[in-house]
Number of protein chains: 2
Amino acid sequence: MTDAFHDAGPRRDSSSVTLQDIAAHAGVSRSTVSLVLRESPLVAERTRERVRHSIKALGYVYNRGAAALRASRTSTLGVVVYDIANPFFGAMVAGIDAALNREGYVSFLANSEDSPDRQQRFLERMREHRVDGILLCPAQGTDPSLIETLQHWNLPCVQVLRHVGSLPFDYAGTDFRLGVSLAIDHLVEQGHRRIAFIGGHAEHSATQERWQGYREVLAQHGLDYQRLLRSTVTRRDGFEAIRHLLKEHPAPTAVVCHNDMVAFGAMLGLQRLGLTPGQDCAVIGTDDVEEAALSAPALTSIATHPYAIGQEAARLALRRIKNPNGAREQVVLSPQLRVRESCGASAHCGEVLLPVS
Amino acid sequence: MTDAFHDAGPRRDSSSVTLQDIAAHAGVSRSTVSLVLRESPLVAERTRERVRHSIKALGYVYNRGAAALRASRTSTLGVVVYDIANPFFGAMVAGIDAALNREGYVSFLANSEDSPDRQQRFLERMREHRVDGILLCPAQGTDPSLIETLQHWNLPCVQVLRHVGSLPFDYAGTDFRLGVSLAIDHLVEQGHRRIAFIGGHAEHSATQERWQGYREVLAQHGLDYQRLLRSTVTRRDGFEAIRHLLKEHPAPTAVVCHNDMVAFGAMLGLQRLGLTPGQDCAVIGTDDVEEAALSAPALTSIATHPYAIGQEAARLALRRIKNPNGAREQVVLSPQLRVRESCGASAHCGEVLLPVS
DNA sequence: ATGCGTTTTTGGATTGATCTAAATCTAGAA
DNA sequence: TTCTAGATTTAGATCAATCCAAAAACGCAT
């Protein structure tokens, strides 16, 4: 069929230089070259120089696969998110990438599309590739026993943003409860008494934390109006939810949303009803994605710092790999409230609202 | 320092089962087990069953690292993008992921942050990991010789979206020239005669194609107004560009933007000047990100289908890996114009404008 | 020159798979 | 029963590194 000779191409692949070749060139043994490559202090300075020279001269390329086989460490991590097209996860992955890069690690990325099956298949593949650890944003409906399974596999796993299974486990995320509390405190201060919450499904820890925060903080303020709309978390959901809510009696005067997408939908819904977000009804989102500052009106949002979460999660994973039996850690960052027009803050001029990025 | 005994933990790692163990359990040789794993037709059905049974019984985990060492194929790809936080690339990566998954491939992802140095470091690491190929969105300022270098490294590389170096090379992207042409044709049809273009830097192929399209199509329509503003491609740039343009005499009546971010900025700029996008000045973006349909007013945009581009790029890479010396291919998808309010289309009711996702 | 304690260096085994070519086992024909 | 072509199976080498324990080289005092 195909011409094997041509297909193979010239096999003068420079990457076929091995430790053996360098050893011969430098007049030392394979072992010594290996030590030089790993920066061992055992090797004498003169020898080290000579070997380094040979490595350059022959254009040697380190074979991590071979090294991993013997040393059983691959400098490799698996990362599973459920929606890479979401800018929040984009920023998070950027944070992970930056933190890993610094340590010479490299990561496999998979997009589970919130399917436990896809997630499972990927994790199995990661095991076959002998990754040193996993960063996992569990897909919706993930069986809690997955975390145990990974443990049996001897695969360190840091959960990110959401968590399943029971403590103790490694986790990096944000304090959703605090976020909701900041938002409600602010709204109450502004005189709001009927505050609704839109979005989320009870299965996630991330949703439960928000809802719990919502209920507790209302109680703290002694407010008895409570309205919690569960839904998926797209713009459409926000759009429909707000229309629904405003038909009720009494209607809320403010809504806190599961994420910024829902909040954008809610604002659009208000506008289609001829109402002005921030005046007729306050809207607060969660995440503070880039768009939040730039919508019209600008969206007040609970900033959850995805880049920082990614960094923390990656660092925690590296710590766990170094020390597999150390105490499990939960790194929970504090969100911040970014007050803008959508909850009644006065409109600023455009320049102030435009971030540099 | 640390307690080595505890740190190491119980080493009854189930993944230490090897071909050897299965061979013993099933009463065959290592080679036979290997053949079964690779679905070779050489093995007799009865034997195959027996081996399969042993594999399950012992909880064997395939070691791809070891296999790769011998077979010199890793089923692994390196993916380099320059801004993973950009939703466009998020969608593209999702497309890549889906296409690779189907073939049992898995991908390393790196975010070059548009830095040739970071990009270079990552590519070198990929070489050490012996990836079978690379998907590269070249960072701004990438030396064109990089493509040759990769060829010397014997590393198949598909460029995506942007390209450097000279033909022939493998490439997957969109027809930016056609996109601009669709936009301008539409604007001209609507009666516009002064159409500006905002954004881009001459270094990229992707920008050059847009600009060339802009100039050529204006010429085709016999228009002599031509105004091309180079800039980076953020909202801020769009915001500032439109303010600048509207001070000129004559001012443009329509602008086509390098991407949707710039277009959003331009719309915001118009609004801050008290003008209405689509009425006082038409605005068209590029990419058709999810937000485009949902902004107020909804943004007309040239849809570039990032998910499809990702899929095509991944498939092309797999083809090239199978046949390294085959003819180089350029897969160029056709964009489509999504007409919405920002270029004067009448406003629809909210429901119609809300996509399901 | 000899002995002794460090430094350095090294050979051989090991990691877990694949590849090759040769060894077996069939079943049907002579 | 023997032979043979085709179907199965296998031993041993190999891929490119690391690990380990032992060997060699070295400096210095005796």
Side-chain angles (χ1 to χ4, degrees), chain A residues 4 8 11 13-52 54-55 58-76 127-130 132 154, chain B residues 4 8 11 13-52 54-55 58-76 127-130 132 154:
Chain A
R11 268 277 167 258
D13 193 336
S14 71
S15 68
S16 61
V17 176
T18 74
L19 282 198
Q20 191 66 267
D21 303 316
I22 296 171
H25 188 268
V28 295
S29 74
R30 245 174 27 262
S31 311
T32 303
V33 179
S34 177
L35 291 172
V36 171
L37 284 172
R38 286 176 289 155
E39 322 250 270
S40 161
L42 287 176
V43 183
E45 193 54 43
R46 274 176 43 80
T47 317
R48 189 195 310 279
E49 284 305 322
R50 201 143 38 90
V51 170
R52 288 239 172 84
S54 297
I55 286 175
L58 301 189
Y60 170 74
V61 179
Y62 188 60
N63 187 327
R64 283 179 191 272
L69 180 55
R70 187 68 239 264
S72 59
R73 289 177 69 262
T74 55
S75 298
T76 280
R127 181 149 91 125
E128 296 182 349
H129 279 286
R130 298 290 193 273
D132 293 342
N154 240 306
Chain B
R11 265 276 167 263
D13 192 338
S14 71
S15 67
S16 60
V17 176
T18 75
L19 282 198
Q20 191 66 268
D21 302 317
I22 296 171
H25 188 268
V28 295
S29 73
R30 245 176 24 261
S31 311
T32 304
V33 180
S34 177
L35 290 172
V36 171
L37 284 171
R38 285 176 290 156
E39 323 252 88
S40 162
L42 287 176
V43 184
E45 193 53 44
R46 274 175 44 77
T47 317
R48 190 195 309 280
E49 284 305 322
R50 199 144 38 89
V51 171
R52 287 239 172 85
S54 298
I55 287 175
L58 301 189
Y60 170 73
V61 179
Y62 188 59
N63 187 325
R64 281 178 192 272
L69 179 57
R70 187 69 239 264
S72 59
R73 289 176 69 265
T74 55
S75 299
T76 280
R127 182 148 89 125
E128 295 182 349
H129 278 285
R130 298 290 193 274
D132 294 343
N154 240 307

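Quick note on labels: first sequence line is chain A, next is B, and so on, each numbered from 1.
In this structure, the nucleotide among dT9(C), dT8(D), dC19(D) sitting nearest to the side chain of A71(A) is dC19(D). Relative to the side chain of S29(B), the nucleotides dT10(C), dA17(C), dT10(D) differ in distance, and dT10(D) lies closest. The side chain of V28(A) has dT10(C) as its nearest neighbour among dT9(C), dT18(C), dT10(C). Each of dG16(C), dA17(D), dT10(C) was ranked by its minimum atom distance to the side chain of R70(B); first place goes to dG16(C). For A44(A), whose side chain is taken as the heavy atoms from C-beta onward, the closest listed nucleotide among dT18(D), dA17(C), dT9(C) is dT9(C). Taking the side chain of A66(A) as heavy atoms from C-beta on, and the options dG16(C), dT9(D), dA17(D), the nearest nucleotide is dA17(D).
Comment: R46(A) does not engage E49(A) in a salt bridge, judged by the lack of any side-chain N to carboxylate O separation of less than 4.0 angstrom.
The line from CG of D132(A) to OG of S72(A) is 8.5 Å long, rounded to the nearest 0.5 Å. Rounding to the nearest 0.5 angstrom, the gap separating the OG1 atom in T32(A) from the CG atom in L37(A) is 11.0 Å.
Summarising the geometry, the separation between CG on L19(B) and C1' on dT10(D) is reported as 14 Å, rounded to the nearest angstrom. As rounded to whole Å, 13 Å separates atom P of dT10(C) from atom CG of L42(A). Following rounding to the nearest Å, E49(A) (CD) and dT8(C) (C1') show an atom-to-atom distance of 16 Å. The separation between L58(A) atom CG and dA16(D) atom P is 14 Å, rounded to whole Å. For the pair Q20(A) CD and dT18(D) P, the computed distance is 13 Å after rounding to whole Å. At whole-Å resolution of the value, CG in L35(A) and C1' in dT7(C) are 13 Å apart. The interatomic distance linking L37(B) (CG) with dG16(C) (P) rounds to 14 Å, in whole Å. Following rounding to the nearest Å, R46(A) (CZ) and dT8(C) (P) show an atom-to-atom distance of 12 Å.
Contact between the side-chain N/O atoms of S72(B) and the OP1/OP2 oxygens of dC15(D) is not found at any separation under 4.0 Å.
Here the side chain of R50(A) pairs a donor or acceptor atom with the backbone of A26(A) at under 3.5 angstrom.
For the side chain to side chain contact (heavy atoms under 4.5 Å, CB included) test, residues two or more places apart in sequence or in another chain that qualify with L35(B) are R38(B), S40(B), V43(B). When the ring pair (Phe, Tyr, Trp, His ring centres under 6.0 Å) test is applied to H129(B), the partners found at least two apart in sequence or on another chain are F108(B).
One can find a donor-acceptor pair under 3.5 Å joining the base of dT18(D) and the side-chain atoms of R30(A). Between the base of dT18(D) and the side chain of R38(A) there is no donor-acceptor pair shorter than 3.5 Å. At a cut-off of 3.5 angstrom, counting only N and O atoms as typed in the model, there is no donor on one side facing an acceptor on the other between the side-chain of T18(B) and the base of dA17(C).
No side-chain N or O of S34(A) forms a donor-acceptor pair with one of S31(A) less than 3.5 Å apart.
Toward the 5′ end of DNA chain D lies the nearest nucleotide of G27(B), the other residue of the pair G27(B) and N63(A) mapping further downstream. Positionally, the nearest nucleotide of DNA chain C for L69(B) lies more toward the 5' end than for the other of L69(B) and S31(B).
In this structure, the helix from dA1(C)-dT30(D) to dA30(C)-dT1(D) shows an angle of 70° between the axis at its start and the axis at its end, each fitted on 5 base pairs and rounded to 10°.
Of the candidates V33(A), V36(A), I22(A), T47(A), V36(A) is the only one forming a side-chain contact (heavy atoms from CB on, under 4.5 Å) with R52(A).
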